[in-house]
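Take a look at the structure below.
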Amino acid sequence: MNEIIIMIMLTLGSLFILSTAVAMLRKPDVYLRINITTKTATLGLGLILLSSAIYFWDYSVTTRVIAIILFIFLTAPIGGHMLMRSAYLTKTKKWEGMKVDDLEGQYDPKTKKLYSEKRNTGFAPETTEKD
């Protein structure tokens, strides 16, 4: 029974990683590529690692695998967010099909700070620069 569970999890994990590779070639801009990478590759890697924990079924291997899975699940979305933020701040070209830009007008180009509302209508954080 364990072998069947391991085969299913390895197959699903491999399919998720394969779909990540295909999506990297098919998606039109960097924002969609980062999004698909942080979601599907993380899930695929988690399934493959979990199947290795079931295969070895040892306390030391299982605890290491669980620690690695938790680390990846916590750091991959943060890394993806930072990559998207840096791409947005450097004005990386967006896909022509993008209809709404929720962050337009909310970043200060000098200080690189994010405002909570639109700059013309909301409250903005205080700047430290003195003129």
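Note that the structure is a prediction, hence the values are computed from the model and not measured.
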Discussion item. Is there a continuous path of hydrophobic side-chain contacts, each under 4.5 Å between heavy atoms, that joins Leu18 to Leu47?
Written reply: no
Worksheet item: Rounded to the nearest 0.5 Å, what separation is found between the CZ atom of Phe16 and the OG1 atom of Thr40?
Response: 8.0 Å
Discussion item. To check you understand the geometry: which heavy-atom pair defines the closest contact between Val65 and Ser52, and what is its length?
Written reply: CG2-OG, 3.9 Å
Fill in: Separation between CG of Leu74 and CD1 of Ile69, rounded to the nearest 0.5 Å
12.0 Å
Worksheet item: Taking the hydrophobic residues Ile, Leu, Val, Met, Phe, Trp and Tyr, and joining any pair whose side-chain heavy atoms are under 4.5 Å apart, which ones share a cluster with Leu32?
Response: Trp95
Worksheet item: Should Ile34 and Met24 be regarded as members of a common hydrophobic cluster, given that ILVMFWY residues are connected when their side-chain heavy atoms come within less than 4.5 Å of each other, either directly or indirectly?
Response: no
Worksheet item: How would you list, by chain and number, every residue that makes a side chain to side chain donor-acceptor pair (under 3.5 Å) with Asp29, sequence neighbours excluded?
Response: none
Item to complete: List for me each residue that meets salt bridge (Lys or Arg N to Asp or Glu O under 4.0 Å) alongside Glu3, sequence neighbours excluded, and say none if there are none.
Response: none
Worksheet item: What about Leu50 and Leu12, same hydrophobic cluster or not, with Ile/Leu/Val/Met/Phe/Trp/Tyr joined at side-chain heavy-atom distances under 4.5 Å?
Response: yes
Worksheet item: Can you hop from Leu49 to Trp57 via hydrophobic side chains spaced under 4.5 Å?
Response: no
Discussion item. Under a 3.5 Å threshold, yes or no: a donor from one side chain and an acceptor from the other, between Thr20 and Thr37?
Written reply: no
Practice prompt. Any chance you could measure His81, atom NE2, to Ile78, atom CD1, to the nearest 0.5 Å?
Written response: 9.0 Å
Discussion item. Quick one, Ile48 and Ile17 - any side-chain contact, counting heavy atoms below 4.5 Å?
Written reply: yes
Worksheet item: If you take all heavy atoms of Asp58 and Ser60, which pair is closest and at what distance?
Response: OD2-OG, 3.0 Å
Discussion item. Test your reading of the model: is there a side-chain donor-acceptor pair from Thr62 to the backbone of Tyr59, 3.5 Å cut-off?
Written reply: no
Worksheet entry | Single-linkage hydrophobic cluster Ile66~Ile68, side-chain heavy atoms < 4.5 angstrom | no
Practice prompt. Answer whether the closest heavy-atom distance between the side chains of Lys93 and Val30 falls below 4.5 Å.
Written response: no
Worksheet item: Looking at residues at least two apart in the chain, or sitting in another chain, which of them share a side chain to side chain contact (heavy atoms under 4.5 Å, CB included) with Ile54?
Response: Asn2, Ile5, Ile6, Met9
Fill in: Minimum-distance pair of heavy atoms, taken over all atoms of Gly80 and Thr38
CA-CG2, 3.6 Å
Practice prompt. Output all residues satisfying side chain to side chain donor-acceptor pair (under 3.5 Å) with Lys27, sequence neighbours left out; order by chain, then residue number.
Written response: none
Fill in: For Tyr88, all residues meeting side chain to side chain donor-acceptor pair (under 3.5 Å), sequence neighbours excluded
Asp101
